[in-house]
Amino acid sequence: MDLKSIEKKWQQRWEKAKLHGFDKKSEKPKLYVLEMFSYPSGAKLHVGHWYNYGPTDSYARFKRMQGYNVFQPMGFDAFGLPAENFAIKTGVHPKDSTEKNIATMEGQLKAMGAMFDWSAEIKTCGEDYYKWTQWMFLQLYKKGLAYRKEAPVNWCPSCQTVLANEQVVDGRCERCSTVVVRKNLTQWFFKITEYAEELLSGLDALDWPEKTKSMQRNWIGKSTGCEIEFASESGEKFRVYTTRCDTVYGVTYVVLAPEHPLARKLTTPDRRQAVEAYIAEAAKANEIERLSSAREKTGVFTGSYAINPVNGKAVPIWLADYVLASYGTGAVMAVPAHDERDFAFAKKYGLPIEKVIEKKGGETVLPYTEDGIVVGSYTFDGLMGEEARDAIAAHISKLGKGGKKVNYRLRDWLVSRQRYWGAPIPVVHCPKCGVVPVPEEDLPVKLPYDVEFRPDGKSPLAKHEKFMNTTCPVCGGAAKRDPDTLDTFVCSSWYYLRYADAKNSKMPFDREAVDKLLPVDTYVGGAEHACMHLLYARFFTKALRDMGYLDFDEPFKRLVHQGVILGPDGNRMSKSHGNIVSPDDYVNEYGADAFRLYLMFGFSYTEGGPWSDDGIKAVARFLDRVEKLVLKISAYKNKHEEPYGAEEKALDYARHLAISRVTKDLEAFSFNTAVARLMELVNALAKYDGLAEKNVALLKSVAKDLVLLLGPFAPHFADELWEQTGGKGFVLEQRFPVADPAALVLDEKEYAVQINSRIVLKVNLPSALTNAEIEASVKELPEIAVRLAGKTVKKCVVVPGRLVNLIVG
RNA sequence: GCGGACGUGGCGGAAUGGCAGACGCGUUGGACUUAGAAUCCAAUGGGAAACCGUGCAAGUUCGAGUCUUGUCGUCCGCACCA
């Protein structure tokens, strides 16, 4: 069979029959199967796309054949830095390169033979899409979930531009490897922290990979501790955050982050010079230095003292950049006896160390950071760990100086980018009225084409006079637009909602359409999005729910990560490794079906692994074998249903076992074992076909089921065989075979007979026997009887259908 | 340092606590061929055998690749978060 030509033929027929769309009128249960949409930065689909979309499409086809009304849309995450960087390098406008790439990829995606519903296609760079991305921004702004503040961002001094966090790899610019510095800019943020608790607690109920959930938990970083208010001798109050309030009597100094608002205020005149120098030094420190835990700690004394509220003791106030301004209160109490960092710092600067915790039943070596018995701490001596913390927190609370406090590591999401190729932020800056949101009826704020996007440290849009100059929607006076664009992750935070109603020009989506299709039942994509896209999308869903636009809590009920296909050398495929495998070469040689089938068979889906083309020949051979066998069987003229004996029963058993296992495996995304079951069935069928006398009716019936089973795996191939063997309609319209439990009951089962847990022999026994009967018949076996002679059987373990274990004294 | 995952033939990989290595690749032998390719058939964890085998060491169990503890190694994520 010439797979390539039949693939084109079937793709055309499917399209003509509109076979693949979601049926809005259908009564069947809906199933929303979604793959993460493609990013059109490269011109072509790579192996990773095929690996994500091919097997998932097989799952979708399987569910469709099972009777679900499957919705499987596809689109393009088309804004973003790679297109812009490509433009900077080559001068090709991002819009032009993106549109060209999308056109190519659309063609390739269709050639894959996936049942994407192209009527719902979306491209995030289209005005009809980013209009609604801007609308989302406005809703969040209205709700108080979008705000502007000055913040440090990643700045690449060589590229003269701000970088997204994900573009900073180990503190260096992803493109030029220059060390990134921090720079304060006024930025837009989304208040994702408002949902920290729900984003955390909601994870428990999700059918997601444990690893991904744990990464999100980690990222959200909930910590339960205590806030304690200290006051300087001059009366300035500030709070510290600690998880170890049981050590509060051991505080010998406090530390503020250099960026702390009180840092300068608390500095005495004689310390002014040193402190200013330190603050300047800390601000200059680059990401690598600042993030390194191995780095020696530095700090400076402010000259002021703070009063410890629990014991009235005055302790020096220091500044040090090992305290982060953005976490907790930006200030900590230092207990060098019981914290490694404080200990190192105290040693270096000669600060006192006071032990207030003792190891239970052992020598206390400082710094001692484990839980222990409280000593030298007022009435709390003798308490331990959690008990001590509860008591001391209650005490602090009673003093009115703070109390228990939950903190999250999660920060608000910085969404503004000083970049061209993204959705413009829909606000106007008016000299009179301040920040004014663009009225919804004026959306979209169009992204102009003729922009100088070469980086020079300012937002490219800022240089576009026509774009920037506008009138204030409130007072009508002259005003400026916001020159920044939105992070592309904003676009992808709601695209799964837009698919449900992709062509709506009045709303981002109709509530009814979304209610009908969402949430996504199965979402498949790379694990690298664990703490970005997958978190942002959850946030959007919850925010939209609270604004009344939808009525569910989580966007993705079930999540599957495909593994990564590595180069043949075991490294990630990359130009620098020179190990890129092009899917096109294989698709041209073996066809899309064989290529997809190999991706399913050659790897454990969630693991991935190094590419090897040995296996692709094997699956091509398998398809060939199936074709010959099915066509041969189909050509048998007679249709007699005789004989029907043990051989026939075995074949029927093989069929139903395959059906049952394939069904289970597909459900679990265990594609490699599913294909193995098909191979077993083919082996059984070929074996039976080799018999001299055979039941042709049974053969034909099993061959027919085989073709149906193959439908999700090799869709073009299956349709071709289906047609050639007289099938009506498309395989996709047939019912996926259902295993008959009766056929799976065998008359006899093979038992492993063990004596003292060692296998002695194997024996076939009728399935109908009770455990006692099994035990009795095993004991009667001559070989067993001999071995048991003169011994007592102390115990007999029978595992029905499996084994018998005789424990002999 | 913290968190997560994983260590099984020559290779990719299978195994609800119950016959380890399904399925496939590769290899070997055979058939068909002038010959090769393709195809088909058979064998294939190690060992002559008793037996031994799931990184290593213990433990629980009638029974452990699977559960528990420790240990070594690999991969991934986070990392001065007080």
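The structure presented is a predicted model; accordingly, all values stated were derived computationally and were not measured. Computation of the quantities below employed the complete heavy-atom set of this structure, encompassing side-chain atoms and omitting hydrogens, waters and symmetry-equivalent molecules. Every chain is numbered from 1 and lettered A, B, ... according to where its sequence line falls, protein lines coming before strand lines.
Using a cutoff of 4.0 Å between basic side-chain nitrogens and carboxylate oxygens, A:R244 and A:D339 are not scored as salt-bridged. A salt bridge is absent between A:D342 and A:K347: the closest approach of a Lys/Arg side-chain nitrogen to an acidic carboxylate oxygen does not fall below 4.0 angstrom. Ionic pairing of A:K762 and A:E750 is not present here: no N-O contact between side-chain nitrogen and carboxylate oxygen is shorter than 4.0 angstrom. Look at A:E680 and A:R655 and you find no salt bridge, because none of the NZ, NE, NH1 or NH2 atoms lies under 4.0 Å from a carboxylate O.
Looking at A:V778, A:I784, A:L781, A:L806 one by one, the single match for side-chain contact (heavy atoms from CB on, under 4.5 Å) with A:V760 turns out to be A:I784.
The phosphate of B:A82 has OP1 or OP2 within less than 4.0 Å of a side-chain N or O from A:S223. OP1 or OP2 of B:A14 sits under 4.0 Å from a side-chain N or O of A:S604.
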Name the pairs: protein N/O against N/O of nucleotides 44-54 of chain B, kept only if under 3.5 Å.
| unit_1 | atom_1 | unit_2 | atom_2 | d |
| --- | --- | --- | --- | --- |
| B:C52 | OP2 | A:R758 | NH2 | 2.7 |

Return the polar atom pairs (N/O with N/O) between nucleotides 75-78 of chain B and the protein under 3.5 Å, or none.
| unit_1 | atom_1 | unit_2 | atom_2 | d |
| --- | --- | --- | --- | --- |
| B:C76 | O2' | A:K211 | NZ | 3.2 |

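When only modelled atom types and interatomic distance are considered, A:T673 and A:S670 share a side-chain donor-acceptor pair under 3.5 Å. A:T606 and A:H561 share no side-chain donor-acceptor pair at under 3.5 Å. Between the side chains of A:S223 and A:N407, no donor-acceptor pair of N or O atoms lies under 3.5 Å.
Within 4.0 Å (heavy atoms only), A:S214 reaches sugar-phosphate atoms of the nucleic acid but no base atom.
Nucleotides B:C76 and B:C25 place their P atoms 31 Å apart, quoted to the nearest Å. Going from the P atom of B:C56 to that of B:A35 covers 49 Å, rounded to whole Å. B:C75 and B:G30 are spaced 44 Å apart, taking the C1' atom of each and rounding to whole Å. Taking atom P on both nucleotides, B:G63 is separated from B:G12 by 33 Å, rounded to a whole Å. Remark: the separation of the C1' atoms in B:A31 and B:A37 is 16 Å, to the nearest Å. Across the P atoms, B:G45 and B:A50 are found 15 Å apart, a figure rounded to whole Å. For the P atoms, the distance linking B:A43 with B:G21 amounts to 15 Å, nearest Å. Atom name C1', nucleotides B:U61 and B:G77: the rounded distance is 36 Å, in whole Å.
A centroid separation of less than 6.0 Å is found between the aromatic rings of A:Y598 and A:F603. For A:F595 and A:W50, the ring centers sit closer than 6.0 Å to each other.
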Exercise. With pairs defined as Watson-Crick or G-U wobble and both distances under 3.5 angstrom, please note down RNA chain B as a dot-bracket string, | for pairing with another strand.
Key: (((((((..(((.....[....)))((((((.......))))))((....))..(((((..]....))))))))))))....

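By the ring pair (Phe, Tyr, Trp, His ring centres under 6.0 Å) test, A:Y349 pairs with A:W318, A:F345, sequence neighbours left out.
For the pair A:I633 and A:L685, the minimum side-chain heavy-atom distance is below 4.5 Å. Within the 4.5 Å cutoff, the side chain of A:Y605 has heavy atoms near those of the A:Y51 side chain. By the 4.5 Å heavy-atom criterion applied to side chains, A:V626 and A:F717 are counted as neighbours.
Following rounding to the nearest Å, A:I616 (CD1) and B:G12 (P) show an atom-to-atom distance of 18 Å. Rounded to an integer number of Å, the gap from A:K795 NZ to B:U61 P is 10 Å. With rounding to whole Å, A:I220 atom CD1 is found 18 Å from B:G3 atom P. In this structure, the OH atom of A:Y605 is 20 Å from the C1' atom of B:C6, given to the nearest Å. In this structure, the CZ atom of A:F669 is 20 Å from the C1' atom of B:G13, given to the nearest Å. Separating the NZ atom of A:K222 from the P atom of B:G3 is a distance of 18 Å, rounded to the nearest angstrom. Atom-to-atom, CE of A:M600 to C1' of B:A14 comes out at 18 Å; the value is rounded to the nearest Å. The nearest whole Å value for the distance from the CD atom in A:E370 to the P atom in B:G1 is 14 Å.
Two residues, A:Y598 and A:E210, neighbour RNA chain B, and the one matched to the more 5' nucleotide by heavy-atom proximity is A:E210.
With a 6.0 Å cutoff to the six-membered ring centre and a 45° limit on the axis angle, A:K222 does not count as a cation-pi contact of A:Y408.
When distances run from any side-chain atom of A:D321 to the nucleotides B:C80, B:C62, B:A82, the shortest one goes to B:C80.
For the residue pair A:N756 and A:V808, the shortest heavy atom distance occurs at OD1-N, 2.8 Å.
In B:G9 the O4'-C1'-N dihedral to the base is within 90° of 0, which defines a syn nucleotide.
Contacts with RNA chain B (heavy atom under 4.0 Å) in residues 241-250 of chain A: A:Y241, A:T242, A:T243, A:R244, listed by number.
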Practice problem: Using a 4.0 Å heavy-atom cut-off, write out nucleotides 18-26 of chain B from 5' to 3' as B (base contacted by protein), S (sugar-phosphate only) or - (no contact). | Solution: BB--BBSS-

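Rounding to the nearest 0.5 angstrom, the gap separating the SG atom in A:C245 from the CZ atom in A:R389 is 7.0 Å.
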Practice problem: Under the side chain to side chain donor-acceptor pair (under 3.5 Å) rule, what do A:R596 and A:S58 come out as? Steps first, then yes or no, please. | Solution: CA-CA 9 Å; A:R596 287 176 56 165; A:S58 293; 3.2 Å; yes

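For B:C62, the base has no donor-acceptor partner in the side chain of A:K794 [N/O atoms by modelled type, under 3.5 angstrom].
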